Amino acid sequence: MTGAWAAMQRVFEERDRQDVDEVRIAGLAELAARVRELSELVVLTRAGQDEVAAVAGEVEALTRRLTEAGRGVPPGAQVDEGGVVRQIGSPVTGELNVLAPPIEIGVLPDGTARSEFTLGVLYEGPPGFVHGGVSAMVLDHLSGVAASANGTPGMTAGLDLRYRRPTPLYVPLVAEAKAVRVDGRKTFVESRILGPDGQVTAEATAVFIMPTR
């Protein structure tokens, strides 16, 4: 592992984290998926008040069961030799985080980090459109992947975001990011989100700084 990745690994390991095997991840990811569905139905359901109260009671009972099992520390992040970070608790890509869509990101041969995804009502800002903060979160995370793919990982130091037009919900979106310049410990990344018509809805320039310890 290069010095840059060793430094990033130390950042990830600074706090106590648990190791989670793949079998357990699969089980927890299934639970997270069901909770995401429930969260969306809380917003959209037409159930009557009595039914809503009954479901709330059942959810409370289920929550109590998991609480009685005890609380642990969050899962750790994994960094491979190529610099790809897997963080299963991430609010963008984490299989176990019910706040995450989650979004899958791939890296193209030219170093572009790319993702295709659809966002639903849980990510709504203006009616029918994605909340601007969610767009920023996606571009920040994608830009971090691009910096990593460039071999110059780091932590976000700045994100200059420009909204070109509203980003629609319930349609396929594409997000792309690529490192464009490196200046010492700083990596500059440009990113964008495109709607189904190919028009840019949001774009950003991010700066990442490589840790030194």
Side-chain angles (χ1 to χ4, degrees), residues 12 14-78 85-106 115-145 156 159 161 163 165-175 193 195-196 201-202 204:
F12 289 130
E14 280 181 350
R15 295 175 176 81
D16 186 26
R17 298 280 168 161
Q18 65 169 307
D19 292 324
V20 187
D21 63 42
E22 291 300 324
V23 174
R24 183 166 175 79
I25 288 174
L28 291 172
E30 180 66 19
L31 173 60
R34 301 290 77 77
V35 175
R36 287 190 196 98
E37 292 174 357
L38 179 62
S39 297
E40 184 166 298
L41 283 170
V42 169
V43 178
L44 299 176
T45 185
R46 298 179 65 182
Q49 190 60 34
D50 290 346
E51 179 68 2
V52 168
V55 171
E58 294 180 30
V59 172
E60 181 182 14
L62 294 173
T63 302
R64 190 181 307 116
R65 285 174 59 182
L66 292 182
T67 300
E68 290 171 354
R71 294 174 181 265
V73 294
Q78 301 170 345
V85 179
R86 183 189 185 194
Q87 191 173 3
I88 59 177
S90 162
V92 180
T93 60
E95 303 104 302
L96 308 193
N97 192 328
V98 299
L99 299 178
I103 290 173
E104 296 183 1
I105 300 173
S115 181
E116 298 181 16
F117 55 95
T118 300
L119 297 175
V121 69
L122 294 179
Y123 307 99
E124 185 176 59
F129 298 103
V130 177
H131 192 290
V134 173
S135 297
M137 180 174 67
V138 170
L139 291 179
D140 177 39
H141 191 98
L142 198 74
S143 296
V145 174
T156 310
L159 184 68
L161 194 69
Y163 298 98
R165 54 184 51 82
T167 302
L169 294 172
Y170 296 115
V171 298
L173 302 171
V174 173
I193 295 175
T201 64

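Computed from a prediction, not measured in an experiment: that's the story for all the values here. For the single chain, residues carry numbers from 1 onward in sequence order.
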Participant: Quick test of your reading of the model: are Arg65 and Glu60 salt-bridged, counting only N-O distances below 4.0 Å?
Facilitator: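 Result for this pair is no, no salt bridge flagged.
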Participant: Do Arg86 and Glu22 sit within salt-bridge range, that is, some charged N less than 4.0 Å from a carboxylate O?
Facilitator: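 Yes, charged N to carboxylate O under 4.0 Å.
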Participant: Measure the shortest side-chain to side-chain distance between Val92 and Pro102 over non-hydrogen atoms and say whether it is less than 4.5 angstrom.
Facilitator: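 They are not in contact (no side-chain heavy atoms under 4.5 Å apart), so the answer is no.
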Participant: When rounded to the nearest 0.5 angstrom, what distance separates CG in Leu142 from CD1 in Ile105?
Facilitator: 4.5 Å
Participant: Once you round to the nearest 0.5 Å, how far does NE2 of His141 lie from OG1 of Thr156?
Facilitator: 10.0 Å
Participant: Got a second to check how far Leu28's CG is from Ile88's CD1, nearest 0.5 Å?
Facilitator: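 Answer for the CG-CD1 pair, Leu28 versus Ile88, is 7.5 Å.
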Participant: Using a 6.0 Å cut-off, check whether atom CZ of Arg165 has over 12 heavy atoms from anything other than its own residue.
Facilitator: yes
Participant: Give me the atom names and distance for the closest heavy-atom approach of Ser135 to Thr167.
Facilitator: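 The answer is OG-OG1, 4.0 Å.
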Participant: Whether the side chain of Ser115 engages the backbone of Glu104 through a donor-acceptor N/O pair (distance < 3.5 Å, no angle test) should be reported.
Facilitator: yes
Participant: Under 4.5 Å between any side-chain heavy atoms of Tyr123 and Val134, yes or no?
Facilitator: yes
Participant: Is there a donor-acceptor pair closer than 3.5 Å between any side-chain N or O of Arg36 and the backbone N or O of Asn97?
Facilitator: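 At least one qualifying donor-acceptor pair exists.
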Participant: In terms of heavy-atom contacts, does CD of Glu40 have more than 12 from other residues, nucleotides or ligands at under 6.0 Å?
Facilitator: yes
Participant: At their closest point, which heavy atom of Ser90 faces which heavy atom of Ala100, and how far apart are they?
Facilitator: O-CB, 3.5 Å
Participant: Side chains of Leu122 and Ser39: closer than 4.5 Å at any heavy-atom pair?
Facilitator: yes
Participant: Do Leu161 and Leu139 come within less than 4.5 Å of each other through their side chains, counting heavy atoms only?
Facilitator: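 Yes; the side chains approach each other to less than 4.5 Å.
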Participant: Measuring only between side-chain heavy atoms, which start at C-beta, is Leu169 closer than 4.5 Å to Val130?
Facilitator: yes
Participant: Would you compute the distance between atom CD of Gln87 and atom CD of Glu95 and round it to the nearest 0.5 angstrom?
Facilitator: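 Atom-to-atom, Gln87:CD and Glu95:CD are 10.5 Å apart.
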Participant: Is there a side-chain contact between Met137 and Pro91 in this structure, where contact means two heavy atoms from C-beta onward sitting under 4.5 Å apart?
Facilitator: yes
Participant: Would you give the length of the straight line joining atom CD of Glu124 to atom CG of Leu119, rounded to the nearest 0.5 angstrom?
Facilitator: 11.5 Å
Participant: Report the C-alpha separation of Ile25 and Asp21 in whole Å, then their side-chain angles, then the decisive distance to 0.1 Å, and conclude whether the side-chain contact (heavy atoms from CB on, under 4.5 Å) test is met.
Facilitator: CA-CA 6 Å; Ile25 288 174; Asp21 63 42; over 6 Å; no
Participant: Could you pull out the closest heavy-atom pair between Val52 and Ala47, with the gap in Å?
Facilitator: CG2-O, 3.8 Å
Participant: Please examine the side chains of Leu31 and Leu96, heavy atoms only from C-beta on, and report whether any two atoms are closer than 4.5 Å.
Facilitator: no
Participant: Work out which heavy atom in Tyr170 is nearest to a heavy atom in Gly120; give both atom names and the distance.
Facilitator: CE2-CA, 3.8 Å
Participant: Check Gly133 against Tyr163 and note the closest heavy-atom contact, atom names and distance.
Facilitator: N-OH, 4.2 Å
Participant: How about Pro168 and Val171: do any of their side-chain heavy atoms sit closer than 4.5 Å?
Facilitator: yes
Participant: Which is it for Leu173 and Thr118 under the side-chain contact (heavy atoms from CB on, under 4.5 Å) test, yes or no, and what are the steps along the way?
Facilitator: CA-CA 6 Å; Leu173 302 171; Thr118 300; over 6 Å; no
